[in-house]
Each structure stands twice: as C-alpha cells, then as structure tokens.
Engineer: 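Sending over a structure as structure tokens; questions will come in a sec.
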Amino acid sequence: MADIENDPVVVVGLGRFGTSLALELARRGTEVLAIDKRSKIVQSLSGRLTHIVAADATDIDTLRELGVAEFYRAVVAIGGDLEASILSTALLVELGIDDIWTKAVSRQHARILERIGAHHIVLPEQDMGERVAHLVSGRMLDYVEVDDNFALVKTRPPREIVGVPLGDTRLRSKHGVTVVCVKRPDEDFTYASAETVLEYGDVILVAGPIAKVERFAERA
C-alpha cells in the first residue's frame with residue numbers, strides 16, 4: 001500500500017487496553033474499525049469511535065462481512081478470554097492480514113500467538129511492571145526498553161560529564177552509552193552533539209545496552 005502508516009486499523013476487543021488504543025489511534029487521525037461482542041461496551045463508545053460494531057471476531061464469516069480482510073493492520077486486544085484471543089488471531093492470519101499485533105497475558109500465551117502467526121506480541125501488564133521496577137529501583141526518570149537488550153533512559157547527567165563537551169567525555173568507549181538528547185530547565189529537548197556541554201539541572205536521554213545504561217544512570 002502507498003502509505004502504510006496512515007492505513008486504517010482493526011481493533012478487536014474493547015477492554016481497557018483495546019479502548020485506550022482505539023481512542024488514541026482515532027485521536028491521532030487513524031481510521032479505526034473497533035469490534036467487540038459486548039453490545040453495552042459498543043454502545044458506550046459509539047459516540048467516541050466512528051466505526052464500531054458489536055460482532056463476534058471468532059467467526060470468520062463475520063470478519064469477512066465487516067471487510068476486515070481489506071485491512072493491512074489489526075490489533076487483537078482481547079486479554080481475559082484466551083480462546084477468543086487465539087482464535088481471533090488465527091482468523092486474521094487466515095484472512096491474510098499483513099501486520100497483526102496481539103495482546104498476551106503471559107509468556108505462554110505469547111508463545112502460542114507467535115506460533116499461529118501473530119507478527120507482534122504486546123504484554124502490557126508485564127512490560128509496565130518491568131518499566132516501573134527500573135524506575136523505582138534506580139535514579140532513572142523514565143525508561144523505555146527498545147529491544148531485548150537496548151534501552152532509552154531519561155536521567156540527570158553525572159558529575160563527570162558536566163561542563164565538558166560530550167565529544168571529550170569518551171562516553172561510548174568508557175561506558176558504552178550515547179547521550180542522544182538534552183533538555184535545559186524550562187526548555188524542550190534538543191539533539192545532543194559532540195559540542196554540547198551539559199549543566200547541572202539538565203535532563204538527558206541516554207541510549208545503549210540495558211545493563212550499561214542502568215549502570216550509567218546510577219552515576220547521576
């Protein structure tokens with residue numbers, strides 16, 4: 001398709017996660033087809049989502065009638081009903097959806113979804129728990145795991161790199177991390193360069209392998 005990023009998205013399951021996702025996509029201007037078998041949920045959201053229907057997403061004929069096969073991207077946000085989650089995902093695979101995101105409630109659930117063809121697995125409760133644990137246990141202001149062993153951390157600059165151009169700190173060779181952005185008090189984030197000189201009170205975004213960014217943030 002010409003513009004995949006702006007393609008409509010099917011969201012199956014309108015619990016807290018699915019509802020939040022569908023509303024945020026709609027707010028960003030993405031057309032959403034939201035599906036949930038519970039008519040009360042559908043009625044409560046009918047004024048906030050343009051395309052929302054009460055239907056059984058575990059029935060392939062229903063999905064075909066709704067035109068789901070025409071979509072490039074779909075999200076299965078069902079969490080509580082594992083059978084419905086697995087079957088809905090399998091049907092989307094059968095319909096040939098190119099980009100399927102599925103919510104899992106456990107690692108075992110995630111493995112099953114991967115085996116039947118889901119392209120991306122989301123573990124919101126576990127991911128959030130891990131993120132909060134990083135924040136609670138250290139000096140990080142925020143933490144985002146980008147990949148299995150790579151993270152982006154918001155923190156304060158340690159004393160050793162304050163007042164020195166970043167290019168002279170040898171951060172990458174000494175600590176294995178890179179300062180990506182810097183935020184002065186009452187200013188927006190800007191990209192850091194080799195000439196950037198950090199000050200006390202700055203907030204920085206640091207990228208690198210998880211263990212290394214964690215150790216670096218502890219120096220703040």
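Bear in mind the structure is a predicted one, so any value in this text is a computation, not a measurement.
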Engineer: Please list, chain by chain and in numerical order, all residues satisfying side-chain hydrogen bond (donor to acceptor under 3.5 Å, both in side chains) with R38, sequence neighbours excluded.
Structural biologist: D36
Engineer: Show every ring-ring contact (aromatic ring centres under 6.0 Å, His included) that has at least one partner inside residues 7-58, sequence neighbours left out.
Structural biologist: none
Engineer: I35 and L33: side-chain contact (heavy atoms from CB on, under 4.5 Å), yes or no, with the steps?
Structural biologist: CA-CA 7 Å; I35 304 171; L33 170 60; 4.2 Å; yes
Engineer: Could you grab the distance from atom CG of L25 to atom CG of L21, nearest 0.5 Å is fine?
Structural biologist: 4.5 Å
Engineer: So, do I161 and F216 sit near enough that their side-chain heavy atoms are less than 4.5 Å apart?
Structural biologist: yes
Engineer: Is a salt bridge present between E187 and K183, judged by a nitrogen-to-oxygen distance below 4.0 Å?
Structural biologist: no
Engineer: Considering only residues two or more places apart or on different chains, which pairs with a residue in residues 199-208 satisfy side chain to side chain donor-acceptor pair (under 3.5 Å)?
Structural biologist: R184-D202
Engineer: Any chance you could measure L205, atom CG, to L141, atom CG, to the nearest 0.5 Å?
Structural biologist: 9.5 Å
Engineer: Any side chain to side chain donor-acceptor pair (under 3.5 Å) involving residues 161-174? Give me the pairs, sequence neighbours left out, ordered by first then second residue.
Structural biologist: R172-T178
Engineer: Among all residues two or more places apart in sequence or in another chain, which pass the side chain to side chain contact (heavy atoms under 4.5 Å, CB included) test with A74?
Structural biologist: V10, L92, I97
Engineer: Are S85 and L113 packed together at the side-chain level, in the sense that at least one heavy-atom pair is separated by less than 4.5 angstrom?
Structural biologist: yes
Engineer: Is there any side chain to side chain donor-acceptor pair (under 3.5 Å) pair reaching into residues 151-161, and which pairs are they, with sequence neighbours excluded?
Structural biologist: E160-H175, E160-R219
Engineer: Who are the side-chain hydrogen bond (donor to acceptor under 3.5 Å, both in side chains) partners of D98, not counting sequence neighbours?
Structural biologist: none
Engineer: Taking the side chain as every heavy atom from C-beta outward, state whether V42 and L49 have any pair of such atoms under 4.5 Å apart.
Structural biologist: no
Engineer: With rounding to the nearest 0.5 angstrom, report the CD to CD1 distance, E114 to I116.
Structural biologist: 10.5 Å
Engineer: What's the shortest heavy-atom distance between A217 and R139, and which atoms?
Structural biologist: O-CB, 3.8 Å
Engineer: Checking S193 now: which residues fulfil side chain to side chain contact (heavy atoms under 4.5 Å, CB included) with it, not counting sequence neighbours?
Structural biologist: E195, T196
Engineer: What is the distance from atom OG of S88 to atom CG of D81, rounded to the nearest 0.5 Å?
Structural biologist: 8.5 Å
Engineer: With sequence neighbours left out, write down each residue that passes side chain to side chain contact (heavy atoms under 4.5 Å, CB included) with K212, or none if nothing qualifies.
Structural biologist: V177, P209, R215
Engineer: Which pair of non-hydrogen atoms, one from P8 and one from T30, has the smallest distance, and what is that distance?
Structural biologist: CA-CG2, 4.5 Å
Engineer: Main chain of L14, side chain of T19: is a donor-acceptor contact present, judged purely on distance under 3.5 Å?
Structural biologist: yes
Engineer: Is it true that E24 and R27 make a salt bridge, defined as a side-chain N closer than 4.0 Å to a carboxylate O?
Structural biologist: yes
Engineer: Less than 4.5 Å apart, side chain to side chain, heavy atoms only: is that true for V75 and T102?
Structural biologist: no
Engineer: Atom CG in D142, atom CG in L152: separation rounded to 0.5 Å?
Structural biologist: 8.5 Å
Engineer: In the structure I gave you, are the side-chain heavy atoms of T190 and D188 within less than 4.5 Å of one another anywhere?
Structural biologist: no
Engineer: Any pair with a residue in residues 83-107 that passes ring-ring contact (aromatic ring centres under 6.0 Å, His included), sequence neighbours left out, goes on the list, sorted by first then second residue, please.
Structural biologist: W101-H120
Engineer: Rounded to the nearest 0.5 Å, what separation is found between the OG1 atom of T58 and the CG atom of L91?
Structural biologist: 7.0 Å
Engineer: Which residues pass the ring pair (Phe, Tyr, Trp, His ring centres under 6.0 Å) test with H109, sequence neighbours left out?
Structural biologist: none
Engineer: Mind checking what makes side-chain hydrogen bond (donor to acceptor under 3.5 Å, both in side chains) contact with Q43, not counting sequence neighbours?
Structural biologist: none
